[in-house]
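Input: a single structure, listed below in structure tokens.
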Amino acid sequence: MIPKDFSGLYDRLSYTHGREDVFRDFLDVSLFMLSGGTYREDYDRLSISYKENEMEIFIQMLHSVANHSEGFNDVLGDVFMEHISHGHHGQFFTPIHISDLMAVASGCETLRRGQSVYDPCCGSGRMLLSAVKASTKSDVSNRPFCYGSDIDLNCVKMAAVNLLMNTIPGEVAWMDALTLEHWRSYKVELVSVCGVWLPLLSVCGAGDTSLITRIQNTPQIKAAKGVGQLQLSFDF
């Protein structure tokens with residue numbers, strides 16, 4: 001569900017900049033802010049396109065998403081489906097209640113810190129959010145490591161923002177999960193500051209990922225006979 005306050009702010013910027021551009025740029029603002037200003041690569045160009053008061057609207061949009069993401073909710077995925085993808089390329093994300101059911105059915109309640117979960121076509125990361133939600137039922141501080149990958153860079157950034165906002169360690173890779181061609185990864189590490197775990201973002205370039213090695217060394221993932229590309233199974 002898209003918060004009304006977010007929709008109003010989003011509409012204000014979209015009148016002059018277009019919905020797709022505003023959403024893409026909002027993700028870049030979010031990554032910049034949630035990284036404490038350390039990740040500027042995609043953010044610096046925005047000062048050319050937006051006025052100061054418009055940049056402030058982006059900050060208000062981020063506050064809205066953060067306020068409505070409590071409980072591992074995926075606001076970004078809902079916005080993306082309604083205003084950006086419109087179902088093109090099959091980009092309909094699994095409804096939250098279904099992903100929650102799948103996480104429980106797959107045994108994610110038994111996941112513990114130090115263990116990991118992987119979604120090869122992660123979209124906005126809501127399957128990963130559901131996996132962590134299930135794992136925190138017995139211990140709210142429990143955070144398994146979440147691997148995600150997607151061929152759509154907007155999806156990768158959405159998933160990275162969701163991990164950061166929910167203090168979840170992980171790596172979201174911009175890659176082709178079939179050919180294993182890798183272009184970039186957004187890595188979230190948890191750092192203890194005065195007894196509080198805070199997420200720290202780092203962004204790595206092509207080939208700098210531990211995910212592909214994990215995939216290649218996982219016995220459940222096998223190449224289908226007669227198929228030239230690697231077929232990945234979805235398994236928590």
Side-chain angles (χ1 to χ4, degrees), residues 20-21 23-28 30-31 35 39 41-43 45 74 76-77 79-81 84-95 98-99 102-103 106-108 111 114-132 144-164 168-189 201-236:
E20 291 190 18
D21 288 342
F23 186 75
R24 177 201 63 200
D25 296 338
F26 169 64
L27 294 177
D28 291 335
S30 298
L31 288 170
S35 70
Y39 181 65
E41 182 177 341
D42 295 320
Y43 174 82
R45 62 179 173 78
D74 177 27
L76 294 176
V79 176
F80 182 78
M81 286 188 292
I84 308 301
S85 71
H86 307 293
H88 295 167
H89 309 297
Q91 287 179 300
F92 287 111
F93 300 150
T94 305
I98 300 298
S99 62
M102 291 177 65
S106 300
C108 290
L111 286 172
Q115 295 181 305
S116 62
V117 59
Y118 173 45
D119 185 351
C121 303
C122 67
S124 55
R126 60 176 50 179
M127 285 287 192
L128 299 175
L129 293 178
S130 291
V132 177
F145 194 92
C146 289
Y147 284 106
S149 63
D150 206 285
I151 201 168
D152 186 320
L153 183 56
N154 279 331
C155 289
V156 170
K157 289 181 177 180
M158 280 190 288
V161 169
N162 275 328
L163 293 187
L164 286 163
I168 299 172
E171 176 186 343
V172 187
W174 180 28
M175 62 179 280
D176 186 329
L178 294 177
T179 65
L180 300 185
E181 184 179 3
H182 174 269
W183 303 291
R184 187 188 302 172
S185 276
Y186 295 80
K187 300 180 181 180
V188 180
E189 178 186 2
L201 175 69
S202 60
V203 181
C204 305
D208 188 358
T209 173
S210 62
L211 175 56
I212 292 178
T213 301
R214 292 292 302 274
I215 291 173
Q216 293 172 331
N217 292 334
T218 301
Q220 292 91 340
I221 300 176
K222 301 177 181 178
K225 291 183 178 179
V227 179
Q229 295 177 322
L230 186 68
Q231 303 299 303
L232 298 182
S233 61
F234 178 82
D235 187 0
F236 280 110

Given side-chain contact (heavy atoms from CB on, under 4.5 Å), test S116 with R214 step by step and report yes or no. CA-CA 10 Å; S116 62; R214 292 292 302 274; 3.0 Å; yes
Does some side-chain heavy atom of [Y] sit less than 4.5 Å from a side-chain heavy atom of [X]?
X: M102; Y: S130; result: no
X: F93; Y: C155; result: yes
X: L129; Y: I168; result: yes
X: M158; Y: D150; result: no

Report the C-alpha distance between M175 and L211 in whole Å, list the side-chain angles of each, state the deciding distance to 0.1 Å, and finish with yes or no for side-chain contact (heavy atoms from CB on, under 4.5 Å). CA-CA 10 Å; M175 62 179 280; L211 175 56; 3.8 Å; yes
Closest heavy-atom pair and its distance - [X], [Y]:
X: A206; Y: H182; value: CB-O, 3.5 Å
X: R126; Y: P95; value: NH1-CA, 3.9 Å
X: E171; Y: S210; value: OE1-OG, 3.3 Å

Say you draw a straight line from [atom1] of [X] to [atom2] of [Y]; how long is it, rounded to the nearest 0.5 Å?
X: S30; Y: Y43; atom1: OG; atom2: OH; value: 11.0 Å
X: E181; Y: I151; atom1: CD; atom2: CD1; value: 8.5 Å
X: L27; Y: L153; atom1: CG; atom2: CG; value: 9.0 Å
X: K187; Y: L163; atom1: NZ; atom2: CG; value: 14.0 Å
X: Y147; Y: L128; atom1: OH; atom2: CG; value: 12.0 Å
X: S185; Y: I212; atom1: OG; atom2: CD1; value: 8.0 Å

Set of residues satisfying side chain to side chain contact (heavy atoms under 4.5 Å, CB included) with respect to L164, sequence neighbours excluded: L31, L34, V188, P199, L201
Sequence neighbours excluded, the answer for side chain to side chain contact (heavy atoms under 4.5 Å, CB included) partners of A159 is C122, V172
Between S202 and E189, a side-chain donor and acceptor under 3.5 Å: no
D42: which residues meet the salt bridge (charged side-chain N to carboxylate O under 4.0 Å, His left out) condition with it, sequence neighbours left out? K157, R184
Taking the inter-plane angle between the rings of W174 and W183 on a 0 to 90° scale, is it parallel (under 30°), tilted (30 to 60°) or perpendicular (over 60°)? tilted
Could you tell me whether a side-chain N or O of N162 sits under 3.5 Å from a main-chain N or O of D74, the two making a donor and an acceptor? no
Apply side-chain contact (heavy atoms from CB on, under 4.5 Å) to residues V117 and V132 and explain how you reach the verdict. CA-CA 9 Å; V117 59; V132 177; 5.7 Å; no
